[in-house]
A.B. asks: 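Handing you a structure now.
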Amino acid sequence: MTDNQAGRPVDAVSRRKFIAAAGGAGAVALAGCTEETGEGNGNGDGNGSGNGNGQSSLSGDIQIAGSSTVFPLMSAVAEDFQRDHSEVNIDISSTGSGGGFENHFCPGNTDFNNASRAIKEEEEQMCADSGVEWIELIAATDALTVVINNDNDWATEMTVEEIAQIWESDAAETWSDVNSDWPDEEIERYGADDTSGTYDYFIENIMGEDRGHTDDYQATEQDNTIAQGVQGSEYAIGYFGFAYYYQNSDQLTAVAIDDGNGPVEPSLETASAGEYTPLSRSLYTYPSVSSLGEEHVAEFARYFVEQTTNRELVADDVGYVPLTDEQQSEQMSKLEDAIEEAQG
């Protein structure tokens, strides 16, 4: 199923190191990582069907694809879920939101699709044509981040229009083409592939559909490749989810975005407060309703929603804004309705 399969054990590395390593590989398989098991309760209280004493009645496979932005969050949640459910094998691939819907989820080959933007109408139709029903769950809030090299001291603050000139279809070739005070040096661009929800979101909120997106850049679904590319050149620029900047904040500089009210740096605080515009956005995961008919999938979905308010995991470990208690309650209610529909 995976586009770039690279399973690795997770109990030998810290979560943060694991997330960074998995993000670079683009896919991870989690299975049998601990000796703990648990007895199920199925009440969505965050314990899943395990009680933490090493006993679990759950087993089976869970296939997940989609957004590279959601990938580190889903991987971290799956890693924790495995501690009580070692017989549940979870395979997560970073394929891009659109690549996941088109190639994996809508054809019925995956149980969840992660997405960094809402599902499109054409993707809804693809799923409908295959008889795949789904629900939309909000996973977190992201501060999509534009990054530059640490030696770049001229573009630490940029207007939305300046960023658009760098990334539009007829893009500026040199930094001085954007601002005459900036170096007359060629711009090196690293960004999301066109299968990515981040690519779609960037076009919609920075350039606009009419201006489109340049083809003159290094396109990838592997966000750590973007980080490495920008680290390697003084004249490079890139963009990706805040989590990847969070994991590389010593090696990269985040650009403060001026949307008309002065420059605002990307952070969990500015994204949560609605100050970081226009690049604050919701992240999603889409479980298949039929997959929720299987208890191990339903239990993992409950656990995922439970963890969306876990600040230590979502914010401190991964780098996204957790949901509020009210938001989590709404998502859990929606999920329980879908599970009831699936299981009867």
A.B. asks: Is the gap between the ring centers of F101 and W134 under 6.0 Å?
C.D. replies: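 Centroid separation for F101 and W134: 6.0 Å or greater.
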
A.B. asks: Should the pair R117 and Y201 be classed as cation-pi, given the thresholds of under 6.0 Å to the six-membered ring centre and 45° from the axis?
C.D. replies: no

A.B. asks: Look at the aromatic rings of W167 and F202 and report parallel, tilted or perpendicular, splitting at 30° and 60°.
C.D. replies: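 It falls in the perpendicular class, over 60°.
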
A.B. asks: Would you give the length of the straight line joining atom CD1 of I62 to atom CG of N89, rounded to the nearest 0.5 angstrom?
C.D. replies: 9.0 Å

A.B. asks: Taking the side chain from S333 and the backbone from E330, do they hold a donor-acceptor pair closer than 3.5 Å?
C.D. replies: no

A.B. asks: Looking at E265, I'd like to know if its CD atom is crowded, meaning that more than 12 non-hydrogen atoms belonging to other residues, nucleotides or ligands lie closer than 6.0 Å.
C.D. replies: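 Counting neighbours around CD of E265, 12 or fewer heavy atoms of other residues, nucleotides or ligands fall under 6.0 Å, so no.
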
A.B. asks: May I ask you to check whether Q165 and E161 show a side-chain donor-acceptor distance below 3.5 Å?
C.D. replies: yes

A.B. asks: Looking at every heavy atom in both S97 and S116, which two are closest together, and how far apart are they?
C.D. replies: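 That would be OG-N, 3.0 Å.
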
A.B. asks: Nearest 0.5 Å, please: how far is OH in Y199 from CD in E221?
C.D. replies: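 Taking CD in E221 and OH in Y199, the distance rounds to 11.5 Å.
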
A.B. asks: What I want to check is whether the side chains of T141 and S282 have a donor and an acceptor closer together than 3.5 Å.
C.D. replies: no

A.B. asks: Grab the two heavy atoms, one from A139 and one from T308, that are nearest each other, plus how far apart they are.
C.D. replies: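 Here A139 and T308 meet closest at O-CG2, 3.5 Å.
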
A.B. asks: If you define the side chain from C-beta out and look only at heavy atoms, does anything of E275 sit under 4.5 Å from E269?
C.D. replies: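 Of all side-chain heavy-atom pairs linking E269 with E275, none is under 4.5 Å.
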
A.B. asks: I need the D80 CG to S75 OG distance, nearest 0.5 Å.
C.D. replies: 11.5 Å

A.B. asks: Applying the 4.5 Å side-chain criterion to the ILVMFWY set and letting contacts propagate, would V305 and F81 be lumped into a single cluster?
C.D. replies: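 In one cluster: yes.
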
A.B. asks: Are S280 and D142 side-chain neighbours, meaning at least one heavy-atom pair lies under 4.5 Å?
C.D. replies: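 No. Closest side-chain heavy atoms not under 4.5 Å.
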
A.B. asks: Can you find a heavy atom in the side chain of Q307 that is under 4.5 Å from one in the side chain of V77?
C.D. replies: yes

A.B. asks: For E340, I'd like to know if atom CD has over 12 heavy atoms of other residues, nucleotides or ligands within 6.0 Å.
C.D. replies: no

A.B. asks: Report the distance from atom CD1 of I148 to atom OG1 of T253, rounding to the nearest 0.5 Å.
C.D. replies: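 Here the rounded value is 5.5 Å.
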
A.B. asks: Where is the tightest heavy-atom contact between Y284 and I138, given as atom of each residue plus distance?
C.D. replies: CE2-CG1, 3.9 Å

A.B. asks: Just verifying a value: how many Å separate D200 CG and T195 OG1, rounded to the nearest 0.5 Å?
C.D. replies: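 D200 atom CG to T195 atom OG1 measures 9.0 Å (nearest 0.5 Å).
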
A.B. asks: Using modelled atom types only, decide if a donor and an acceptor are shared between the side chain of Q343 and the backbone of L292 within a distance under 3.5 Å.
C.D. replies: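 Flag set: sc Q343 to bb L292 pair under 3.5 Å.
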
A.B. asks: State, to 0.1 Å, how close E168 and T214 come at their nearest heavy-atom pair, and which atoms those are.
C.D. replies: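 Taking E168 first and T214 second, the nearest heavy atoms are O-CB, 3.1 Å.
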
A.B. asks: Is D151 atom CG crowded by more than 12 heavy atoms from other residues, nucleotides or ligands, each under 6.0 Å away?
C.D. replies: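 Check passes, neighbour count above 12.
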
A.B. asks: Applying side-chain contact (heavy atoms from CB on, under 4.5 Å), run through Y239 and T145 and close with a yes or a no.
C.D. replies: CA-CA 5 Å; Y239 66 88; T145 303; over 6 Å; no

A.B. asks: Does any non-hydrogen side-chain atom of L73 lie less than 4.5 Å from one of V314?
C.D. replies: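 Sidechains of L73 and V314: in contact.
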
A.B. asks: Could you tell me if E133 and S290 have a donor-acceptor pair between their side chains, going purely by distance under 3.5 Å?
C.D. replies: no

A.B. asks: Check the side chains of Q218 and E188 for a donor-acceptor pair under 3.5 angstrom, ignoring hydrogens and angles.
C.D. replies: no

A.B. asks: With a cut-off of 6.0 Å (strictly less than), are more than 12 heavy atoms of other residues, nucleotides or ligands near CD of E234?
C.D. replies: yes

A.B. asks: Return yes when atom CG of D170 has more than 12 non-hydrogen atoms of other residues, nucleotides or ligands closer than 6.0 Å, and no otherwise.
C.D. replies: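 Result for CG/D170: open.
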
A.B. asks: Using modelled atom types and a 3.5 Å cut-off, is there a donor and acceptor pairing between side-chain atoms of H104 and backbone atoms of N113?
C.D. replies: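 Between the backbone of N113 and the side chain of H104 there is no qualifying donor-acceptor contact (under 3.5 Å).
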
A.B. asks: Given 3.5 Å as the limit, does a donor-acceptor pair link the side chain of N150 with the main chain of Q231, or not?
C.D. replies: no

A.B. asks: Looking at every heavy atom in both S68 and S94, which two are closest together, and how far apart are they?
C.D. replies: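 Nearest heavy atoms, S68 then S94: CB-OG, 3.0 Å.
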
A.B. asks: Are E341 and V289 close enough that some pair of their side-chain heavy atoms sits under 4.5 Å apart?
C.D. replies: yes

A.B. asks: I would like to know whether V255 and V147 meet side-chain contact (heavy atoms from CB on, under 4.5 Å); could you show each step before the answer?
C.D. replies: CA-CA 6 Å; V255 175; V147 292; over 6 Å; no

A.B. asks: Between H213 and M207, is a side-chain contact (heavy atoms from CB on, under 4.5 Å) present by the stated rule, with each step listed?
C.D. replies: CA-CA 7 Å; H213 193 290; M207 288 84 77; 3.7 Å; yes

A.B. asks: Checking the side chain of N149 only, and the main-chain atoms of S233 only, is there a donor and an acceptor separated by less than 3.5 Å?
C.D. replies: yes

A.B. asks: Is the side chain of W182 donor-acceptor paired with the backbone N or O of W154 at a distance under 3.5 Å, no angle test?
C.D. replies: yes

A.B. asks: Any carboxylate oxygen within less than 4.0 angstrom of a Lys/Arg side-chain nitrogen, looking at K334 and D337?
C.D. replies: no

A.B. asks: Indicate yes or no: at least one non-hydrogen side-chain atom of T277 is less than 4.5 angstrom from one of I257.
C.D. replies: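 Contact flag for T277/I257 side chains = no.
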
A.B. asks: Is K120 salt-bridged to E102, going by a charged N under 4.0 Å from an acidic O?
C.D. replies: no

A.B. asks: State whether a side-chain donor-acceptor pair under 3.5 Å links T159 with D258.
C.D. replies: no

A.B. asks: Going from OH on Y320 to CG on L323, what distance comes out if it is rounded to the nearest 0.5 angstrom?
C.D. replies: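 Reported to 0.5 Å precision, the distance equals 13.5 Å.
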
A.B. asks: In sequence, state the C-alpha distance, the side-chain angles, and the governing distance for I237 and W175, and then conclude on side-chain contact (heavy atoms from CB on, under 4.5 Å).
C.D. replies: CA-CA 10 Å; I237 188 169; W175 287 94; 4.0 Å; yes

A.B. asks: Can a side-chain donor-acceptor contact be found between D111 and S291 if the only test is distance below 3.5 angstrom?
C.D. replies: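 Present: a donor and an acceptor within the cut-off.
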
A.B. asks: Report yes or no: do T309 and Q328 form a side-chain donor-acceptor pair below 3.5 Å?
C.D. replies: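 Judged by distance alone, the side chains do pair up.
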
A.B. asks: Shortest non-hydrogen contact from I226 to G238?
C.D. replies: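 The pair with the smallest heavy-atom distance is CG2-CA, 4.2 Å.
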
A.B. asks: If the test is ring-ring contact (aromatic ring centres under 6.0 Å, His included), which one of F300, Y286, F105 qualifies with F112?
C.D. replies: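 The ring-ring contact (aromatic ring centres under 6.0 Å, His included) with F112 is passed solely by F300 among F300, Y286, F105.
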
A.B. asks: Mark yes or no for whether N248, through its side chain, and Q251, through its backbone, hold a donor-acceptor pair below 3.5 Å.
C.D. replies: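 Between the backbone of Q251 and the side chain of N248 there is no qualifying donor-acceptor contact (under 3.5 Å).
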
A.B. asks: Using modelled atom types and a 3.5 Å cut-off, is there a donor and acceptor pairing between side-chain atoms of S176 and backbone atoms of N179?
C.D. replies: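 Between the backbone of N179 and the side chain of S176 there is no qualifying donor-acceptor contact (under 3.5 Å).
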
A.B. asks: If we ignore hydrogens and angles and just use 3.5 Å, is the side chain of S93 paired with the main-chain N or O of T95 as donor and acceptor?
C.D. replies: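 No; judged by distance alone, with no hydrogens or angles, the pair does not exist.
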
A.B. asks: Here's a test for you: under side chain to side chain contact (heavy atoms under 4.5 Å, CB included), which of H296, E87, E295 qualifies with S59?
C.D. replies: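 Among the candidates, only E87 passes.
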
A.B. asks: Would you confirm whether the ring centroid of Y245 sits within less than 6.0 angstrom of the ring centroid of F240?
C.D. replies: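 No - the distance between ring centres of F240 and Y245 does not fall below the 6.0 Å cut-off.
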
A.B. asks: Output yes when a side-chain donor or acceptor of R189 lies under 3.5 Å from a complementary backbone atom of D216, and no otherwise.
C.D. replies: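 Looks like yes, one N/O pair under 3.5 Å.
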
A.B. asks: Please tell me whether D193 and S196 have a donor and an acceptor in their side chains that are separated by less than 3.5 angstrom.
C.D. replies: no

A.B. asks: With hydrophobic residues grouped by side-chain heavy-atom distances under 4.5 Å, do L283 and Y303 end up in a single group?
C.D. replies: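 Shared cluster, yes.
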
A.B. asks: Between N224 and Q228, do the side chains contain an N or O donor and an N or O acceptor separated by less than 3.5 Å?
C.D. replies: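 On atom types as modelled, these side chains do not qualify, holding no pair under 3.5 Å.
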
